[in-house]
Amino acid sequence: MRIIIVTHYFPPEIGAPQARLSGLAAAWAADGDDVTVLTGMPNHPTGVIPPEYRGAIRRRERRDGYRVLRTWLYATPNEGIARKTIGHLSFMISSVLLGGRSSGLADVVVVSSPTFFSIGAGWLLARLKRARLVVEVRDLWPAIFTELGVLTNRRLIRLLERLELAAYAAADTVIVVSDGFRANLIARGVPADKVHTIRNGVRPGQFDPAAPADAQLRARLGARPGDCLVLYAGTHGISQGLTSVADAAAHLTEEPIRFAFVGDGADKQGLQDRVAEHGLRNVTLLPSLPHEQVPALLAAADICLVPLRDVPLFSSFIPSKMFEYLAAGKPVVGALAGEAAQILREAGAWVVPPAGSEALAAAIRTLAADPQRRQAMGQQGRCYVEKYFDRGMLARLYRKLLDSPGGRQ
């Protein structure tokens, strides 16, 4: 099958969509499909394009058995609605004008949302190529921004909601990443037989639970000999509620426990401000690391955290980073609710209410003092993701959905 994946986000950028889509492309290509990824020049989340891509209008690459076609876009940091909108709009235009012909023929176009602009490009490309359109929904737009208070203009919200439903109506198939997302779409009128859940996952072979911790890396993360190192690695956005983790760290300043936050995002400054407000010396803040360094990063940790803000909509969200934590054989503490909390409990993790800094601090204190319990939790979590969240298995389930009969004439 000839498959084109349209996405604003792709490696060497780091993040959940980048890992998911590159993994899918590699798995499908390994099984004999002709896969092309149509994306922009890497720049997320800093807005800085790497030197080797600067000035390029179009760039062709090959990786892991599939083609990557990159087109120019307006690069912008992951902050500020106006500039981000211009950036997404620029990719929608360039992906069609610069990538429409160069991406070749297709039997199916898979477009990953957010954003609406990428869906617009995918829809037009599917029409031009007489291909089926599969819309993948990784976030509920605009609902997430409404719940977080980022969008308050009712007219704009209604317009975006109509665009959202129009995108689902135009798709031949809709793929979501959680059962909660599926229920949301069905409740709003999307036919149930059109919506399918393919959750995020992980390649367990990328992580070795027995890998020794690098002493120099632990020191860089702020841990002294004998300290318990608590790690959050991922996006520092408005959804994660990382300031509540800093509040938990403030309860543990007299304990041999150190916190490390590794990553970037729109709310990193807010986290820095909260750490400064508390005067915390048990917290280290570092920028994102290349994805190939993530296994060593996780091996250096003793406990890994998965927080989300206390927002009702987030009960349907599943942070993808938790699958890497579990695959690395690390004990996980989740400060969240809903579907992700259920998965973590089944995997043997410790779950506390979202934004509950005292409960989070208590869980960390207990685990820090009990290495045997941490080891048992790590082993249970590793077995769980191997059984249920192997990315190769999920890619094959996804691929079967692309075989659905029918197509655009």
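Positions are given from 1, in the same order as the sequence printed here. These figures come from a predicted structure and were not determined experimentally.
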Are more than 12 heavy atoms, taken from residues, nucleotides or ligands other than [X], located less than 6.0 Å from that residue's [atom1] atom?
X      : atom1 : answer
Arg54  : CZ    : yes
Arg62  : CZ    : yes
Arg188 : CZ    : yes
Glu292 : CD    : yes

Open item on the list: Tyr325 vs Leu305, test: side-chain contact (heavy atoms from CB on, under 4.5 Å). Steps then yes/no.
Closed with: CA-CA 9 Å; Tyr325 293 167; Leu305 301 182; 5.6 Å; no

Nearest 0.5 angstrom please: [X] [atom1] to [Y] [atom2], how far?
X      : Y      : atom1 : atom2 : result
Ile93  : Tyr74  : CD1   : OH    : 14.0 Å
Ile198 : Leu24  : CD1   : CG    : 9.0 Å
Phe317 : Arg138 : CZ    : CZ    : 11.0 Å
Ser22  : Tyr9   : OG    : OH    : 15.5 Å
Leu229 : Lys330 : CG    : NZ    : 9.0 Å
Leu69  : Ile4   : CG    : CD1   : 9.0 Å

Is the shortest side-chain N to carboxylate O distance from [X] to [Y] below 4.0 Å?
X      : Y      : value
Lys321 : Glu324 : no
Asp390 : Arg203 : no
Asp107 : Arg130 : no
Asp34  : Arg2   : no

Determine yes or no for a side-chain-to-main-chain donor-acceptor pair under 3.5 angstrom, with [X] supplying the side chain and [Y] the backbone.
X      : Y      : answer
Arg218 : Asp227 : yes
Arg63  : Tyr66  : no
Gln379 : Ala376 : no
Asp267 : Gly265 : no
Arg58  : Leu98  : yes
Arg258 : Asn282 : no
Lys400 : Ala395 : no
Lys84  : Pro77  : no
Thr197 : Val177 : no
Asp139 : Trp141 : no

Given side chains that start at C-beta, do those of [X] and [Y] come closer than 4.5 Å, heavy atoms only?
X      : Y      : value
Arg70  : Val37  : no
His251 : Leu360 : no
Val245 : Tyr232 : no
Arg399 : Asp33  : yes
Val332 : Trp350 : no
Leu252 : Ile364 : yes
Ile144 : Leu313 : yes

TODO: Check step by step if side-chain contact (heavy atoms from CB on, under 4.5 Å) holds for Val110 and Leu402.
DONE: CA-CA 9 Å; Val110 178; Leu402 302 186; 4.1 Å; yes

Open item on the list: Parallel, tilted or perpendicular, judged at 30° and 60°: which one describes the rings of Phe261 and His236?
Closed with: perpendicular

Open item on the list: Is the ring pair Tyr384/Tyr388 parallel, tilted or perpendicular, if the boundaries are 30 and 60 degrees?
Closed with: tilted

Do the side-chain N and O atoms of [X] and [Y] include a donor-acceptor pair separated by under 3.5 angstrom?
X      : Y      : answer
Arg67  : Thr36  : yes
Glu13  : His8   : no
Glu164 : Tyr168 : yes
Ser178 : Arg199 : no
Ser103 : Lys129 : yes

- [ ] Would you please indicate if the ring centroids of Trp28 and Tyr398 are separated by under 6.0 Å?
- [x] yes

Open item on the list: Pair Val262, Leu231 - check side-chain contact (heavy atoms from CB on, under 4.5 Å), show working.
Closed with: CA-CA 8 Å; Val262 180; Leu231 173 70; 3.9 Å; yes

Task: Passing candidate, side-chain hydrogen bond (donor to acceptor under 3.5 Å, both in side chains) with Glu136, options Ser112, Ser113, Ser118 - done: Ser112

Open item on the list: On a heavy-atom basis, which atom in Val202 and which in Ala327 lie closest, and how many Å separate them?
Closed with: CG1-CB, 3.9 Å

TODO: Verify side chain to side chain donor-acceptor pair (under 3.5 Å) between Arg20 and Ser320, making sure each step is shown before the conclusion.
DONE: CA-CA 9 Å; Arg20 175 183 175 92; Ser320 61; over 6 Å; no

TODO: Carefully, step by step, assess His44 and Gln18 under the rule side-chain contact (heavy atoms from CB on, under 4.5 Å).
DONE: CA-CA 10 Å; His44 180 81; Gln18 292 89 335; 3.8 Å; yes

